[in-house]
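Here is the structure we will look at, set down as structure tokens.
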Amino acid sequence: MTTANAIVPESGAPASGGNALLEAVGLKKYFPVTKGLLISKTTGHIKAVDGVSFELRPGETLGIVGESGCGKSTTAKMMLMLEDPTEGFIRFEGSEIRATDAATRREYRRSVQAVFQDPWSSLNPRMRVKDLIAEPMVINWEISRSEIQERVLKLLNDVGLSAYHANLYPHEFSGGQRQRLAIARALSLNPKVIVLDEPVSALDVSIRAQIMNLLKDLQAEYNVSYMLIAHHLATVRYMCTWVAVMYLGRIVELSPVKDLFANPSHPYTKALMSAALPSHPDTVQEEMILTGEVPSPLNPPPGCHFHTRCPFAMDHCGVDEPQVKEVGPGHTVSCHLF
Amino acid sequence: MAADVGGVLTPSKTTGFRLSGIYYFFRRWPVIPVFLLALVLFAGVTAPLIAPHDPNLQSLTERKQPPFWYSAKTETQIQTVVQRVLPGSAPQISLSDAQKINPAAQIGDTIEVEQVLRPGGSTKFLLGSDQLGRDILSRIIYGARISLLAAAVTLVVGGCVGVLLGLVAGWYGGLVDEAVMRFVDILLAIPLVLIALVMVATLGASLTIIVAVLTIFIWPRFARQLRGEVLQLKNMDFVSLARVAGASTPRILFVHIFPGTINTLIVVATLQVGIVILLEATLSFLGAGVPPPTATWGGMVSDGRNYLAGGFTTGSWWISTFPGIAIVLTVMSLNLFGDWLRDKLDPRLRQIE
């Protein structure tokens with residue numbers, strides 16, 4: 001384990017700083033793997049997230065893309081304080097949340113809310129809609145019942161549902177409606193950041209656009225920043241201001257969205273783009289097909305994690321870890337090619 | 001997908017037969033078990049009002065009276081009227097007795113005498129009386145109180161302890177889980193009846209001791225079931241989202257997780273009531289239960305077991321049999337009702353009807 005790089009971000013921190021709302025610095029999450037029946041000993045670590053840094057500014061959307069198992073969801077869980085990072089820290093409005101007092105941590109809890117992928121398991125089936133949406137307010141705010149009720153109705157209206165839905169149970173809704181409910185609940189505390197963990201991937205294609213438009217409208221209305229976890233490039237392109245591409249626990253490329261799609265720099269990003277279907281069947285695009293499998297996060301390859309599958313790999317790619325290099329305004333890449 | 005097996009998707013034409021409607025009604029709704037359970041509950045609650053006699057009132061002249069439908073069994077014998085009946089001689093009758101039947105009887109006559117082989121039942125003791133002349137029906141009605149009381153206290157106390165420990169074990173996992181579940185394993189491995197006998201022998205028999213013993217052995221069943229449910233529920237997204245919303249651990253446990261386990265809990269409780277009633281009866285039968293003269297079903301079965309000899313002709317089978325039937329019907333009803341509830345409440349076991 002290299003601990004020297006823990007504080008100095010080793011992959012893709014945007015060069016500009018200052019007005020960041022939420023900032024992750026060198027986040028790592030290692031899950032121990034134990035063996036043995038009676039005396040269990042740690043035989044290794046799954047390096048789910050291996051040094052990730054990024055920042056999120058007010059009103060912007062940061063997308064995190066990558067294939068399954070690359071650590072996107074673990075990163076989201078760390079941002080939501082559902083998992084403790086092994087190393088690294090999260091800064092919110094300038095104060096480091098794990099080192100600060102309980103009141104600030106509570107403030108962070110209130111300010112960072114979430115919408116999860118599966119609308120069927122993210123709503124408690126035994127609570128009425130009004131109680132589901134009101135719960136964060138009941139816990140965090142000392143306001144009267146009538147005020148809560150009023151706000152629940154406003155939130156339902158804002159996400160495109162009606163007042164009569166308040167008395168129903170979640171199973172009486174469709175997947176898209178349930179995701180609207182989840183969004184209403186996430187918005188109830190007027191959060192500054194909402195972590196969207198694959199918010200549309202469980203939905204029917206016909207509903208996806210509706211939910212994405214709803215999210216964009218609400219972003220403008222509530223002035224909230226989104227951290228969007230996705231594996232679908234079109235979703236990211238439509239929703240995001242910034243995109244971070246993750247591979248095996250590390251951010252390989254971080255860039256403003258236009259720049260990334262116009263000028264993908266990292267070989268992995270290029271491969272990802274070429275794997276996505278074009279919007280028109282006649283569009284001819286550069287084909288880049290990767291061979292092999294993603295290496296196990298239990299024992300990631302030395303040097304650049306991608307060198308085992310990279311068509312441009314050089315000898316020292318398997319030895320030295322690539323440094324973060326800026327290839328455009330705000331566009332950073334971790335690759336020896338640059 | 002499988003083919004339309006047994007007309008699940010389309011109504012089968014052969015079930016148009018009228019009787020099958022009644023059959024399906026009884027199959028679908030536990031009418032008989034619910035009726036029987038309501039009866040037991042009613043009997044237990046209103047025992048002093050509906051019992052025809054004091055359950056402990058002894059009447060030694062009316063011992064072992066048969067149930068009301070028994071007619072007296074008699075035999076006509078031809079007897080010789082003699083001055084004094086000599087033991088071991090041919091059928092004889094004394095002059096004074098003979099003159100009660102036929103005032104004209106003289107010594108040396110032969111008369112027909114009705115001999116009572118077994119007395120008849122009367123409406124005074126509808127289900128007969130026991131070896132001390134107490135009314136069996138009244139004792140069964142009062143015995144329902146003991147069974148219900150033992151079951152209710154055991155389930156409330158054992159259920160609460162089991163639910164709490166199950167929630168805690170499932171939620172915290174690790175060492176807490178390990179400690180609680182291994183303790184549960186130990187309790188479930190101990191032979192309950194043996195321990196109960198030892199405890200009664202050392203502490204003395206009383207309802208409190210019985211209920212305490214039953215509670216100690218019932219809570220692990222709740223804890224184990226609850227823990228499993230919690231393990232399943234705690235990984236649901238809505239639990240993570242509750243934490244993101246700032247909910248405290250007690251709030252998550254009681255607002256988000258506990259309500260999801262209620263279905264299971266109802267089913268476990270219903271099935272455990274039967275077990276508790278059966279155990280209480282077993283302990284009473286073995287003499288380790290509620291001490292006499294309190295009427296308990298198990299104790300009544302035990303009381304009558306010495307008078308079974310002779311069977312239906314000369315034995316006093318009713319002393320043991322009626323409380324035995326009460327136990328069987330109650331426990332069977334509870335099990336059938338519990339099975340029905342499980343089918344209704346647990347979607348995984350819900351059948352296509």
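Throughout, a chain's letter reflects where its sequence line sits, starting with A, and its residues are numbered from 1.
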Q: Please answer whether the main-chain N or O of B:Ala169 pairs with a side-chain N or O of B:Arg227 as donor and acceptor at a distance below 3.5 Å.
A: no
Q) Of the backbone (N, CA, C, O) and the side chain (C-beta and beyond), which part of A:Asn124 lies under 4.5 Å from a heavy atom of chain B, both, or neither? A) both
Q) So what's closer than 4.5 Å to chain B heavy atoms on A:Leu82: side chain, backbone, both or neither? A) both
Q. Of the backbone (N, CA, C, O) and the side chain (C-beta and beyond), which part of A:Arg106 lies under 4.5 Å from a heavy atom of chain B, both, or neither?
A. neither
Q. Does some side-chain heavy atom of A:Lys192 sit less than 4.5 Å from a side-chain heavy atom of A:Phe92?
A. yes
Q: Identify which part of A:Val112 has an atom lying under 4.5 Å from any heavy atom of chain B, answering side chain, backbone, both or neither.
A: backbone
Q.
Test salt bridge (charged side-chain N to carboxylate O under 4.0 Å, His left out) on A:Glu147 and A:Arg151; report intermediate values, then the result.
A. CA-CA 6 Å; A:Glu147 283 173 295; A:Arg151 196 166 154 75; over 6 Å; no
Q. What pairs with A:Asn167 under side-chain hydrogen bond (donor to acceptor under 3.5 Å, both in side chains), at least two apart in sequence or on another chain?
A. A:Lys130
Q) If you draw a 6.0 Å radius around CD in A:Glu67, do more than 12 non-hydrogen atoms from other residues or ligands fall strictly inside? A) yes
**Q.** Residue part contacting chain B, namely of A:Met137, when any heavy atom lies under 4.5 Å
**A.** neither
Q: For the pair A:Ser225 (side chain) and A:Gly59 (backbone), establish whether a donor and an acceptor sit closer than 3.5 Å, ignoring hydrogens and angles.
A: yes
Q) chain B heavy atoms under 4.5 Å from A:Arg126: which part of the residue, side chain, backbone, both or neither? A) side chain
**Q.** Engaged part of B:Val255 at the chain A interface, taking heavy atoms whose separation is under 4.5 Å
**A.** both
